[in-house]
**Student:** 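Submitted below is the structure of interest, expressed as structure tokens.
Every chain is numbered from 1, with letters handed out A, B, ... down the list of sequences.
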2 protein chains.
Amino acid sequence: MNTAAPRSGDGTIGKALEVLDLVAQAERPVRFSELLTLSPHPKATLYRLVQTLTNLGMLRYDVDRQTYAPGLRLVSLAHAAWRQSSLAPIARPHIDRLSETLGETVHLAQLDGGQVLYVDKRNAADPIEMFSQAGKVGPGYCTGVGKAMIAFLGDDAREMALSQQAWFAHTANTHTDRDSLSAELEVIRAEGVAYDREEHEPGIICVAAPILSETGRAIGALSVTTSTARKSLADLTRLAPHLKSTAREIAQATANWQFPSQ
Amino acid sequence: MNTAAPRSGDGTIGKALEVLDLVAQAERPVRFSELLTLSPHPKATLYRLVQTLTNLGMLRYDVDRQTYAPGLRLVSLAHAAWRQSSLAPIARPHIDRLSETLGETVHLAQLDGGQVLYVDKRNAADPIEMFSQAGKVGPGYCTGVGKAMIAFLGDDAREMALSQQAWFAHTANTHTDRDSLSAELEVIRAEGVAYDREEHEPGIICVAAPILSETGRAIGALSVTTSTARKSLADLTRLAPHLKSTAREIAQATANWQFPSQ
DNA sequence: AATGCAGTTTCACTATGTGGAACTTCTATG
DNA sequence: CATAGAAGTTCCACATAGTGAAACTGCATT
């Protein structure tokens, strides 16, 4: 088996996925010419790729507007991925309970290519939401769940993850290089909890606890997010024990069934 | 732009997606050798495809168990697809209201390659947890939502859809050929509602209304599903007007924004 | 030690995908 | 209403990228 994960350059299939990503990241239907400016490929090549993807149902082409959007076939594929590769199905009852106890919205995230992928969320007020939030991605280096997970990776995986960060200063508190973050990761490892101190968005704070495998590696993370208007960091500290115990419950539940560490 | 949608045979990318589908359909982590028996490709070719997909994050490889599962990258791609290409974000408030009014579980579905794709569901208080969730796919020819949508397709699209059905007799009531179904489609077009009379699962019945574009083509469908133990078909008939009016509301909401007919 | 099975690598071959350029719409503009 | 320009589509000589038979490497099992 191959070791690294370059995530691009893998032949034709890689190119096709780059295009798919481009369309997905656009967040709205795009015209062919827009894609052309965004992609490194010559016109004819891009054209064929887009055609193939459309034929395969991975892109949807709107004839009237002449635009491309991600196709619904992805949704059904993702369903399988979500059920098999995410902690969500197993974690769901535990998250329900936690969300109810705390009266706060709880997020469940996993690491994918150095980025945080939210795989489920439980809104205290409004139950059962699916992909509305699940599927969303965020940065690893400046979110509570991201830091919680990176702190508890194996050395190689952590190096990998650190090298994949953008280190963009979203706020004055954002870690903007690996040394700065690495120092905090030590603390997170010691405490078993990570805080987001308005590092991603001003006014937004969060506590997060990693979900650990038997070998002590992060396989996911839980978080409670709130705004400085509603709660303080001290308040969140009080929630930490609940988070940690729920994380431990989930870890146990997964150990009984299956699940690979990164 | 190409017209038809053969959904396979599209070069290397098509092959890669076939493999991805295979893994997704397995519903559990699969070994390489299992894939080998399922796929028409020779060992080496399959091996490379699987490697490429793994590198790209579309598959996840579990080193310990030597198994492949759909990768989480799909979940984030699907998020974009769900937001842009599904009716769910627009329809959500209307479905909420309907589900609350009726006190029943409401499903929202769209047609994708002749199959029904459930893009959202709203579970009322009393959850009959059964066969459906966002991302789940079902047959077109023997579900309420499927028949409601197929009835209101354009001629070409309907022919296409009919040719893509499996016509498997799930129950004694299942339509097993296009003539049988076509007759019912006439009725559905006249009434504007479709019923599933235990055609997919014994004991499960449903009413469905299509969501129509300005040109009268189906862009999705709504349904209320229940069991014969709880309700009769006559009961469902009484719900039909609510379904139809909600479907019309959603159609209006989409018209104001965007949306292509099939 | 011998057999068999699952997974991986090699390598000559050629099918597949490439991309520059030419062609066709369509839309904006003088 | 002619004309320029941009956006989308097709063509085709070329070589990269993918193919698959066969050989190889572990690792169980007998």
**Student:** Respond yes when some side-chain nitrogen or oxygen of B:Tyr47 is under 4.0 Å from OP1 or OP2 of C:dG7, and no when none is.
**Tutor:**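 Answer is no, no contact under 4.0 Å.
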
**Student:** Return whichever of B:Glu34 or A:Thr45 has its heavy-atom-nearest nucleotide of DNA chain C closer to the 5' end.
**Tutor:**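 Result: B:Glu34.
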
**Student:** Calculate the interatomic distance between B:Asp62 atom CG and C:dG7 atom P; express it in whole Å.
**Tutor:** 13 Å

**Student:** How far does the helix from C:dA1-D:dT30 to C:dG30-D:dC1 bend, going by the axes of its first and last five pairs, to the nearest 10°?
**Tutor:** 30°

**Student:** Surrounding CG of A:Asp177 (heavy atoms of other residues, nucleotides or ligands, distance under 6.0 Å), is the total greater than 12?
**Tutor:**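 For A:Asp177, atom CG is crowded (more than 12 foreign heavy atoms under 6.0 Å).
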
**Student:** Write down the distance between CZ (A:Arg31) and P (D:dT9), rounded to a whole number of angstrom.
**Tutor:**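 Those two atoms, CZ and P, are 10 Å apart.
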
**Student:** Give one of base, sugar-phosphate or nothing for A:Arg48, where a contact means two heavy atoms less than 4.0 Å apart.
**Tutor:** base

**Student:** For B:Lys43 and C:dA6, is the shortest distance between a side-chain N/O and OP1 or OP2 below 4.0 Å?
**Tutor:**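 No, B:Lys43 has no side-chain N/O under 4.0 Å of OP1/OP2 on C:dA6.
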
**Student:** Look at A:Asp112 together with B:Arg60 and state whether they make a salt bridge at an N to O cut-off of under 4.0 Å.
**Tutor:**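 Salt bridge between A:Asp112 and B:Arg60, a charged N being under 4.0 Å from a carboxylate O: no.
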
**Student:** Nearest 0.5 angstrom please: A:Leu72 CG to B:Leu87 CG, how far?
**Tutor:** 8.5 Å

**Student:** Measure up the B:His170 and B:Phe168 rings against each other and bin them: parallel (under 30°), tilted (30 to 60°), perpendicular (over 60°).
**Tutor:**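 Taking B:Phe168 first and then B:His170, their aromatic rings stand perpendicular (interplane angle over 60°).
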
**Student:** When rounded to the nearest 0.5 angstrom, what is the spacing between CD1 in A:Ile13 and CD in A:Glu18?
**Tutor:** 12.5 Å

**Student:** Output, in order, the C-alpha distance, side-chain angles, deciding distance and verdict of side-chain contact (heavy atoms from CB on, under 4.5 Å) for A:Tyr68 and B:Gln84.
**Tutor:** CA-CA 10 Å; A:Tyr68 295 91; B:Gln84 288 187 53; over 6 Å; no

**Student:** Can you tell me which nucleotide in D:dA7, D:dC11, D:dT9 comes closest to the side chain of A:Ser33?
**Tutor:** D:dA7

**Student:** What integer distance in Å separates B:Leu36:CG from C:dG7:P?
**Tutor:** 9 Å

**Student:** What is the distance, to the nearest angstrom, from the CG atom on A:Leu46 to the P atom on C:dG17?
**Tutor:**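 To the nearest whole Å, that distance equals 15 Å.
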
**Student:** Can you check the A:Leu49 CG to C:dG17 P distance for me, whole Å?
**Tutor:** 9 Å

**Student:** Given atom CD of A:Glu18 and atom C1' of C:dT18, what is their separation to the nearest angstrom?
**Tutor:** 15 Å

**Student:** Could you please name the option among C:dG17, D:dA21, C:dT8 that lies closest to any side-chain atom of B:Pro42?
**Tutor:**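 Between C:dG17, D:dA21, C:dT8, the one nearest the side chain of B:Pro42 would be D:dA21.
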
**Student:** To the nearest angstrom, how far is A:Tyr68 atom OH from D:dT9 atom P?
**Tutor:** 6 Å

**Student:** Does atom CD (B:Glu27) have a neighbourhood of more than 12 heavy atoms from anything else shown, all under 6.0 Å?
**Tutor:**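 It does: B:Glu27 CD has more than 12 such atoms within range.
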
**Student:** When the distance from CZ of A:Arg65 to C1' of D:dA7 is rounded to whole Å, what number comes out?
**Tutor:**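 Interatomic distance, CZ of A:Arg65 to C1' of D:dA7: 18 Å.
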
**Student:** A:Thr12 or A:Ala44: which one's nearest nucleotide on DNA chain D is closer to the 5' end?
**Tutor:**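 It is A:Ala44, whose closest nucleotide lies nearer the 5' terminus.
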
